[in-house]
Amino acid sequence: MLRSECLLTDAEDTRPYDCDGLTLYRQLPMVVALPETTAQVAAVLKLCHELRIPVVPRGAGTGLSGGALPHATGVLLSLAKLNRIIAIDARARIATVEPGVRNLAISEAAAQHRLYYAPDPSSQIACTIGGNVAENAGGVHCLKYGLTLHNVLRIRGLTMEGEAVEFGSHALDAPGLDLLPLVVGSEGMLAVVTEVTVKLVPTPQLARCVMASFDRVEDAGNAVATLVAAGIIPAGLEMLDQAASRLVEPHARAGYDLDAAAVLLCESDGTPAEVEEEIFRISEILRSARATRIQVSSSEAERLRFWAGRKNAFPAAGRAAPAYYCMDGTIPRKHLGGMLKAIQAMEQKYGLRCPNVFHAGDGNLHPLILFDDGDPDSVARAVAFGVEILEESVRLGGTITGEHGVGVEKIDQMCSQFGGPTLEAFFGVKRAFDPSGLLNPGKVVPTLHRCAELGGMAVHAGTLKFADLPRF
Amino acid sequence: MAASLESLLDLVRAAAAARTPLRIRGGGTKDFYGNTPSGEILDTRGLQGIVAYEPSELFVTANAGTSLRELEAVLTERGQMLPFEPPHFGDSATVGGCVAAGLAGPRRASFGATHGGVRDFVLGARLLDGRGQLLSFGGTVIKNVAGYDVARVLAGSLGVLGVIVEVSLKVLPRPLAETTLRFELDQAAALVRLNEWGGRPLPISASAWCGGELFLRLSGAPAAVAAARDILGGTEIVGDGPWTEIREQRHVFFSGDPPLWRISVPSTADVVGFGNQQMIEWGGALRWLRSAHPAAEIRAKAQTLGGHATLFRGGDRSQGVFTPLSPALKAIHRRLKAEFDPAGIFNPGRMYAEP
Ligand SMILES: Cc1cc2nc3c(=O)[nH]c(=O)nc-3n(C[C@H](O)[C@H](O)[C@H](O)COP(=O)(O)OP(=O)(O)OC[C@H]3O[C@@H](n4cnc5c(N)ncnc54)[C@H](O)[C@@H]3O)c2cc1C
């Protein structure tokens, strides 16, 4: 079925697969399978289905919620070797690729046609399109160009039974219920993605970035809401608080204003005339929203330098402390300032530092809780800190995860976001795609028993169909 | 909970217990769409009103029975719009019906923030399922990956999974400038041009070819629209162009008797054939066809071109108006339907004869 070097069983070989980007949770799988063709993937699935063995799909393992955390008695199914770009159709502006193709590789291959793939997660040099689909990954340019969902036309996949199934089409719609949005963001629980067709968009002629400083984080938050209310949808709209600017500046040398309470990066793209007009409007609005300093990139090199700081936030956090824990709540934009204040109070409460980078235009927070993973007490405080941020996000009318997924990490917080009947409906969706429940089991949706144990919800007697799942 | 919602819950529970089929209906403007509806009418128009609208947060939440026209008027007042430019097909269209039908208008195939169909702009929904339970999916923020994205599946679901009682939609600012250009081209040449333009960073927000005329709408910043107009040439049209007529199917192309087919194909697909009564939208991705040719031939051709065909209006509807599903998809549909509507009471047969 697989070449021998494509099946790993010794602990020393499977060790690199024991976690994803969220290293708080680790588990060795029974075996790691590295199929090289879709037919091999199907054969692995058929066999596992027959033998009732759980399967956990994995792309590059950069996920930040433990979605690809192995199952102790299961097969870790890596799609990394399925990494061919099958076709780029410049006329139709689409690329059809295998799931293991890296996000950035698509744009690199399309560049010769002056086209690119718009969603650009910070992890784009490493993460795979299969993983992007599974998490509905976002990026700096999603405010204007949409999330993974908005940029995928067709997904070919395999059910847990190993049967081929197709969602969406190269046309703009397909007959029947539109199941594509269920598969996108399904965290490897509904189907194994084996081929993805993405839309490519024309590379803008020009992009320029405005960097603005603010004395108060609330002002920066309000500036974001004001820009959007004025009818501007920037190509990118990101924010760093002072702690984050100071963290990244020594490494990235982006030129951030280290005295500012917050730095806002706001990008405009399009034709030169269009960009000039928009940059003018953006600058005006930022000034009236109390920006204390405004700088506009005057060259492509300078634009990239502005972004280098933002894009290096995670590695910088990694250097600043033994470990960091990245949160991912999304809140209404108008609460950004207030949320930053609340996080500052939590820093005191838990005795941990927490620099913040935000996909501000989307209201998507990435607080980076710095902690010591060698100290159990520090770990416990970091986790409690994270939980409080997520619960505050839900309280403000937002969500516990904007783009990193629930995985194993946020499964308990699902109880605070959703009611019992909705959680049961999620299990219903899972059963409809995977009646055996063998595909990536135990992730994303908490059982009602589990929520009840946490005190979050009452169990509806007799309605529970899934057996209780083990705690991680 | 509003009294009207309370009474719907009771109605659905009673129908589920008695296995009485229910035909979910808003303003009835899309009664013609899909297979012939049957069952006792469940009227959603008791569910009235905009629940929340915050222009700076780019979303609006409305009860399903809210008039689509009223909703759009409220957005227009604040310089915003529903980016998928939905057809109303009548004055009484409701927001719930608009989402359940899942039909988008001319702006569907434009680029950037404004691209996408109905489902791309659904952020959240409350659904009354076949057990008489209220479920709540998604929310009002743009990025949200908590749980499966069921809210978006409701776009185009034709009510088969349950009653949409409330929906949150992403809204966008209206473009600052808009203009329409006209060209004279035959169908094949229009398709070549549309695909060529699509690969360039031009602010095209709608396109329509019919009877030797190609109309192109440009939307965006004034400078971008002006620059594109200079690049593209053609004749600039005074006024709003044909977009409302096309969207509402009041354009002369849509009058007369021959069955109306909606053929969805990749934008680069060849000319569909079956005579010259055709209209092209969405940069080539949507082909409207007036033709009495046998359904099987039209479907086969659409499939060869990489798409599918729907018998939109008229014709022999006895064999079902939608393209049949593959066995694997059919199995998932059947199980999903059983999970949400175990007694099979909602809109039986509206999408496919078997659930
Ligand atoms: C430094 C850093 C920066 C990041 N920045 C961003 C960002 O800006 N935006 C963002 O959205 N995310 C970001 N992430 C998170 C992560 O990169 C994304 O979630 C990414 O989409 C995961 O891709 P992957 O290939 O690594 O998937 P993995 O981590 O391997 O898997 C993720 C999930 O997808 C499933 N899966 C993987 N492949 C398949 C498949 N073929 N079929 C079915 N299921 C599959 C897995 O089971 C798992 O549930 C960042 C991560 C890091 C470490």
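Naming: A, B, ... by sequence-line order, numbering from 1 per chain.
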Show the nearest heavy-atom pair for residues [X] and [Y], with the distance to one decimal.
{"X": "B/Val141", "Y": "A/Thr399", "result": "CG2-CG2, 3.7 Å"}
{"X": "A/Glu274", "Y": "B/Ala223", "result": "N-CB, 3.9 Å"}
{"X": "A/Ala425", "Y": "B/Phe137", "result": "CB-CZ, 3.9 Å"}

Pair B/Arg152, A/Leu149 - check side chain to side chain contact (heavy atoms under 4.5 Å, CB included), show working. CA-CA 11 Å; B/Arg152 295 190 199 268; A/Leu149 170 75; 3.2 Å; yes

Which bit of [X] comes within less than 4.5 Å of chain A, counting heavy atoms only: side chain, backbone, both or neither?
{"X": "B/Ala146", "answer": "both"}
{"X": "B/Leu176", "answer": "side chain"}
{"X": "B/Arg262", "answer": "side chain"}
{"X": "B/Pro175", "answer": "neither"}
{"X": "B/Val265", "answer": "backbone"}
{"X": "B/Val122", "answer": "neither"}
{"X": "B/Phe340", "answer": "side chain"}
{"X": "B/Ser326", "answer": "neither"}
{"X": "B/Leu161", "answer": "side chain"}
{"X": "B/Leu325", "answer": "side chain"}

A/His359, part contacting chain B, at a heavy-atom distance under 4.5 Å: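 Contact with chain B is through the side chain of A/His359 alone.
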
Examine B/Tyr148 together with A/Phe427 and report whether their ring centres are nearer than 6.0 Å.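 No - the distance between ring centres of B/Tyr148 and A/Phe427 does not fall below the 6.0 Å cut-off.
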
Drop me the distance from B/Ile332's CD1 to A/Leu179's CG, to the nearest 0.5 angstrom.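 Going from CD1 on B/Ile332 over to CG on A/Leu179, the span is 6.5 Å.
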
Gap separating the CG atom of B/Leu336 from the CZ atom of A/Phe433, nearest 0.5 angstrom: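 Interatomic distance, B/Leu336 CG to A/Phe433 CZ, rounded to 0.5 Å: 6.5 Å.
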
Any chance you could lay out the side chain to side chain contact (heavy atoms under 4.5 Å, CB included) test for A/Leu147 and B/Lys143, step after step, and finish with the verdict? CA-CA 8 Å; A/Leu147 305 165; B/Lys143 280 166 110 178; 3.6 Å; yes

Are B/Glu54 and A/Lys334 ion-paired here, with the side-chain N under 4.0 Å from a carboxylate O? yes

Taking the side chain as every heavy atom from C-beta outward, state whether A/Arg333 and B/Ser56 have any atom pair closer than 4.5 Å.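 The answer is no, as the side chains (C-beta and beyond) never meet within the 4.5 Å cut-off.
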
